[in-house]
**Q** 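To start, I am sharing the structure in question, which I have written as structure tokens.
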Amino acid sequence: MLDIQLLRNGREQVAASLATRGFVLDTHEFTRLEAERKRLQTYTQTLQAQRNSSAKAIGIAKSRGEDIATIMAEVAHLGEDLTVAESALNILQSELNDMLQSIPNLPHQSVPIGHSEADNVELSRFGTPQEMDFSAQDHVDLGEKLGLDFEIASRMSGARFALLRGGVARLHRALAQFMMDTHTDQHGYTETWVPYLVNAAALRGTGQLPKFEEDLFCVPRQGMDPLYLIPTAEVPLTNIVREQIVPLADLPLKFVAHTPCFRSEAGAYGRDTRGMIRQHQFDKVELVQLVEPHLSYDVLETLTGHAEAILRALGLPYRKLALCTRDLGFSAAKTYDLEVWLPAQKTYREISSCSNFEAFQARRMQARFRNAQGKTELLHTVNGSGLAVGRTLVAVLENYQQADGSVVVPEVIRPYMGGLERLVP
RNA sequence: GGAGAGGUGGCAGAGUGGCCGAAUGCGCCUGACUCGAAAUCAGGUAUACAUGAAUAAUGUAUCGUGGGUUCAAAUCCCACCCUCUCCGCCA
């Protein structure tokens with residue numbers, strides 16, 4: 001959520017900034033709602049002040065045993081007027097709030113302006129795609145003989161699910177373990193285990209609601225509010241500080257969690273239908289940092305570096321992109337994507353997304369810290385995948401495949417595989 | 001699932017209809033005393049919003065959440081959420 005002061009004082013600049021990401025801000029509607037709000041709020045508060053002073057006067061008069069009939073007559077009409085004014089104000093404030101909740105974050109000044117994902121800017125590359133003297137198989141063909149099964153999964157769950165068995169299942173687990181160990185032991189994150197079902201308020205806090213309900217799996221409950229399956233551990237990890245005032249000495253807070261993620265992929269019909277690239281359920285290791293505002297852009301760099309460290313350790317070729325304004329997610333002010341090389345597709349595919357949200361999520365969650373002056377101030381939130389485990393499995397299978405259809409286990413993963421060096425069909 | 005108890009400021013803990021945004025204690029901040037500290041004494045110490053140039057002033061809201069009763073609600077009524085204790089069930 002944007003600071004409403006920003007909208008009041010700099011409507012046109014805000015609108016111009018939002019336009020670069022393809023969002024049209026209805027400034028007329030905002031101005032209209034604001035004017036109406038101001039009028040109603042001032043009026044309501046005047047009535048409330050009247051009610052309070054009359055009530056006080058009645059209390060005093062009564063305790064002195066004076067006659068209160070005159071004062072009572074004065075306030076006779078007040079209750080009704082107040083009810084009308086309060087409910088009108090409530091309606092208006094929730095309209096204003098709905099509008100505010102639906103406005104995406106402002107892009108940081110360093111974000112390249114662009115009109116589509118083609119305008120994302122490649123910043124760096126690591127590694128060189130391996131020359132193969134045979135034609136590379138994709139992970140579906142390759143994995144079929146190694147325990148990767150889509151057919152069985154689709155029979156029990158439908159499209160966009162996978163079932164792993166044997167060596168591939170173990171490799172998947174080993175990759176996640178390696179990531180968790182690296183981030184806790186070497187990068188200083190606190191291992192965290194979190195709920196996989198969260199309420200609507202938590203999702204509003206990070207920005208998945210109210211606009212993106214169709215992307216989520218909802219679990220209805222008899223007589224209770226529904227819960228949602230988390231689309232990413234960002235939601236529970238970031239909401240750790242919801243409605244908290246964190247002491248300065250505790251910052252930065254650094255959390256890492258390995259969780260399943262659930263996405264309906266409602267808008268992705270026909271995209272990436274083959275293989276494990278786009279699934280309703282996938283595992284991800286997520287990094288979240290909660291930091292002081294002046295540090296958040298430095299932290300975005302180091303956090304992205306933590307994700308890169310995994311790719312480097314695994315020896316997977318990748319590139320780093322700065323997303324352009326149009327490609328930015330709803331809550332993000334700036335995002336780096338890491339894309340891993342997939343030899344069968346002969347292309348780079350997203351495997352991590354690292355973003356600075358500035359105070360956008362913190363304002364929605366009321367997540368604050370006490371600064372050196374003792375004043376409360378909104379935190380900045382920064383997060384990134386470190387990494388998407390399913391896609392990492394795909395990348396390892398495809399990049400480490402051999403002519404005979406076997407797959408070499410990356411060296412750093414072997415200790416997690418009981419020393420196994422190779423997956424053999 | 002059954003029975004009971006309870007949710008008040010950074011913390012502890014009073015407050016059962018009216019000068020209660022809330023006693024008192026602890027903590028914290030400022031000052032006095034002191035060479036300095038401790039102890040002691042005095043004062044201060046929530047958040048958000050509105051009007052506003054304002055970190056001025058004034059007003060409004062907030063005692064788990066949402067409704068209701070009333071001129072007036074932390075206090076009375078209803079619903080819900082959460083926590084704790086005991087019993088049952090259970091990975």
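The analysis underlying the following values was restricted to heavy atoms, covering all of them including side chains, and did not include hydrogens, waters or symmetry mates. These figures come from a predicted structure and were not determined experimentally.
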**Q** Does any nucleotide pair with rC19(B) by Watson-Crick or G-U wobble geometry, both distances under 3.5 Å, and what is it?
**A** none
**Q** In residues 142-153 of chain A, what donor-acceptor pairs under 3.5 Å come from side-chain atoms, sequence neighbours left out?
**A**
from	atom 1	to	atom 2	distance (Å)
Asp149(A)	OD1	Glu151(A)	N	2.9
Asp149(A)	OD1	Ile152(A)	N	3.0
Asp149(A)	OD2	Arg165(A)	NH2	3.2

**Q** What is the separation between atom CD on Glu86(A) and atom C1' on rG68(B), rounded to the nearest whole Å?
**A** 14 Å
**Q** Tell me the partner of rC11(B), counting only Watson-Crick (N1-N3 plus N6-O4 or O6-N4) or G-U wobble (N1-O2 and O6-N3) with both under 3.5 Å; none if nothing fits.
**A** rG25(B)
**Q** Tell me what Arg39(A) touches on the nucleic acid: a base, only sugar-phosphate, or nothing, going by heavy atoms under 4.0 Å.
**A** nothing
**Q** Please list, in numerical order, the residues of residues 3-14 of chain A that have a heavy atom closer than 4.0 Å to any atom of RNA chain B.
**A** Gln5(A), Arg8(A)
**Q** Any strand is fair game: report the nucleotide pairing with rU70(B) by Watson-Crick or G-U wobble, both distances under 3.5 Å, or none.
**A** none
**Q** Rounding to a whole Å, what distance do you find between Leu89(A):CG and rU60(B):P?
**A** 15 Å
**Q** Hey, are Asp272(A) and Arg349(A) close enough for a salt bridge, meaning a charged N less than 4.0 Å from a carboxylate O?
**A** yes
**Q** Please state whether the phosphate of rU51(B), meaning OP1 or OP2, lies under 4.0 angstrom from any side-chain nitrogen or oxygen of Lys38(A).
**A** yes
**Q** Nearest heavy atom decides the nucleotide; on that basis, is Asn90(A) or Glu34(A) closer to the 5' end of RNA chain B?
**A** Glu34(A)
**Q** Is there a Watson-Crick or G-U wobble partner for rC41(B) with both distances under 3.5 Å, and if so, which one is it?
**A** rG31(B)
**Q** In whole Å, I'd like the distance from the CZ atom of Arg364(A) to the P atom of rA48(B).
**A** 19 Å
**Q** Let me know the distance between CD of Glu80(A) and P of rC71(B), rounded to the nearest Å.
**A** 12 Å
**Q** Taking the six-membered ring for Trp, are His306(A) and His187(A) parallel (under 30°), tilted (30 to 60°) or perpendicular (over 60°)?
**A** parallel
**Q** By a strict heavy-atom criterion of less than 4.0 Å, which residues belonging to residues 42-60 of chain A are in contact with RNA chain B?
**A** Gln45(A), Gln48(A), Ala49(A), Arg51(A), Asn52(A), Ala55(A), Ile58(A), Gly59(A)
**Q** Let's go through Arg8(A) and Glu34(A) carefully: what are the C-alpha distance in whole Å and the side-chain angles of both, what is the deciding distance for salt bridge (charged side-chain N to carboxylate O under 4.0 Å, His left out) to 0.1 Å, and is it a yes or a no?
**A** CA-CA 8 Å; Arg8(A) 285 177 187 148; Glu34(A) 257 295 282; 2.8 Å; yes
**Q** Does the structure show a Watson-Crick or G-U wobble partner for rU58(B), both distances under 3.5 Å? Name it, or say none.
**A** rA50(B)
**Q** What integer distance in Å separates Ile245(A):CD1 from rG27(B):P?
**A** 21 Å
**Q** Which base sits across from rG36(B) as a Watson-Crick or G-U pair, both distances under 3.5 Å?
**A** none
**Q** Salt bridge or not between Arg274(A) and Asp141(A)? Use side-chain N to carboxylate O under 4.0 Å.
**A** yes
**Q** Nearest whole Å is fine: how far is rG10(B) P from Arg368(A) CZ?
**A** 10 Å
**Q** Should rC90(B) form a Watson-Crick or G-U wobble pair with both distances under 3.5 Å, which nucleotide is its partner?
**A** none
**Q** With a 4.0 Å cut-off on N to O distance, would you call Glu265(A) and Arg263(A) a salt bridge?
**A** no
**Q** Does Arg21(A) pair with Asp327(A) as a salt bridge, N-O distance under 4.0 Å?
**A** no
**Q** Would you call Glu301(A) and Lys320(A) a salt bridge, taking side-chain N to carboxylate O under 4.0 Å as the test?
**A** yes
**Q** Do Arg312(A) and Glu308(A) sit within salt-bridge range, that is, some charged N less than 4.0 Å from a carboxylate O?
**A** yes
**Q** Return the nucleotide paired to rG6(B): Watson-Crick means purine N1 to pyrimidine N3 with N6-O4 or O6-N4, wobble means G-U with N1-O2 and O6-N3, both under 3.5 Å.
**A** rC82(B)
